[in-house]
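Accompanying notes for the structure given below.
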Amino acid sequence: MSRWSRVIIVIFSFILAVLSLITLLMFLSETIMSAMVAFFLRLQKIGSWRVLIILSAIVLLVTSVISLLLAVMSGRLRRARVRESTLGSVDIGVDAIESIALNAAKGSQSGVRSAKARVAPFKGDKLAVTMIVSCYSDVELPTMMSRVQERVKKDIERYTGIEVGEVHVRVSRVDAITARIDH
């Protein structure tokens, strides 16, 4: 989830928490309820405040719709991929697919020191895999990372039967190779 998505969700959650607290207080005390109703009736009569409240309500509505869309259309897979066979079904979890991608990246002999994998839905029933890798310094990055892409795609498709639409590889770090000294 992107940084902006998280900011929108945090803002919406804060506003929702404040409104919930005010509503709770209003229904717990008749004095607070009557004070809030009188307050809003006074604000409605003042034109500039009325416009400000209408704009705030529109911003709250837009923020809630955006956070709802982010929650529903999140890029991260939340459910397992189910494969049906004559004997029953096989549920392949997201963590299993990510483990296959990690093993493929490390096993590709491409100078990958460490890696992280994220699986997301792609067009149709395919998957998009994002690999964040740390490499050794003696690696020819474009060639070796294309080898990682091919291996990840091939291994996920072979072991799960699920098509991979694309594999993104982001090299986050290049580490120097340290010499081992045996005493």
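FYI, side chains are in, hydrogens and waters are out, and symmetry mates aren't considered; it's all heavy atoms of this structure. Sequential numbering from 1 along the given sequence is applied to the chain's residues.
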Between [X] and [Y], which heavy-atom pair has the shortest distance, and what is it?
{"X": "Leu102", "Y": "Ala115", "value": "CD2-O, 3.2 Å"}
{"X": "Val167", "Y": "Gln149", "value": "O-NE2, 2.7 Å"}
{"X": "Val148", "Y": "Ala105", "value": "CG1-CB, 4.0 Å"}
{"X": "Ser134", "Y": "Asp175", "value": "OG-OD2, 3.0 Å"}
{"X": "Val152", "Y": "Ala101", "value": "CG2-O, 3.6 Å"}
{"X": "Ser137", "Y": "Val174", "value": "CA-CG1, 3.4 Å"}

Calculate, to the nearest 0.5 Å, the distance between atoms [atom1] and [atom2] belonging to [X] and [Y] respectively.
{"X": "Met145", "Y": "Met131", "atom1": "CE", "atom2": "CE", "result": "9.5 Å"}
{"X": "Leu127", "Y": "Arg118", "atom1": "CG", "atom2": "CZ", "result": "14.5 Å"}
{"X": "Ile92", "Y": "Thr160", "atom1": "CD1", "atom2": "OG1", "result": "5.0 Å"}
{"X": "Ser20", "Y": "Ile15", "atom1": "OG", "atom2": "CD1", "result": "11.5 Å"}
{"X": "Leu43", "Y": "Ser48", "atom1": "CG", "atom2": "OG", "result": "9.0 Å"}
{"X": "Glu163", "Y": "Ile156", "atom1": "CD", "atom2": "CD1", "result": "12.5 Å"}

Problem set entry | Atom CZ of Arg158 with >12 non-hydrogen neighbours under 6.0 angstrom |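 Atom CZ in Arg158 is packed in, count exceeds 12.
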
Exercise. Within a radius of less than 6.0 Å around CD of Glu166, do more than 12 heavy atoms belonging to other residues, nucleotides or ligands occur?
Worked result: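 It does: Glu166 CD has more than 12 such atoms within range.
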
Single-linkage hydrophobic cluster, 4.5 Å side-chain cutoff, [X] and [Y] together:
{"X": "Ile162", "Y": "Val119", "result": "yes"}
{"X": "Val18", "Y": "Phe27", "result": "yes"}
{"X": "Tyr159", "Y": "Val164", "result": "yes"}
{"X": "Val90", "Y": "Val94", "result": "yes"}
{"X": "Phe14", "Y": "Leu25", "result": "yes"}

For this session: May I ask you to say whether Glu157 pairs ionically with Lys153, meaning some side-chain N is under 4.0 Å from a carboxylate O?
Result: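 A salt bridge links Glu157 with Lys153.
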
Exercise. Got a sec, which residues hit side chain to side chain donor-acceptor pair (under 3.5 Å) with Ser146, two or more places apart in sequence or on another chain?
Worked result: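 Counting only residues at least two positions away or on another chain, Ser146 forms no side chain to side chain donor-acceptor pair (under 3.5 Å).
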
For this session: Report yes or no: does Arg147 contribute a side-chain atom to a donor-acceptor pair with the main-chain N or O of Gln109 at less than 3.5 Å?
Result: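 It does hold such a pair.
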
Problem set entry | Side-chain donor or acceptor of Thr23 paired with backbone N/O of Leu19 under 3.5 Å |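 The answer is yes, because a donor-acceptor pair under 3.5 Å joins these two groups.
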
Name each donor-acceptor pair under 3.5 Å that joins a side chain in residues 30-40 to protein atoms two or more places apart or in another chain, with its distance.
from: Ser34; atom 1: OG; to: Glu30; atom 2: O; distance (Å): 3.2
from: Ser34; atom 1: OG; to: Thr31; atom 2: O; distance (Å): 3.0

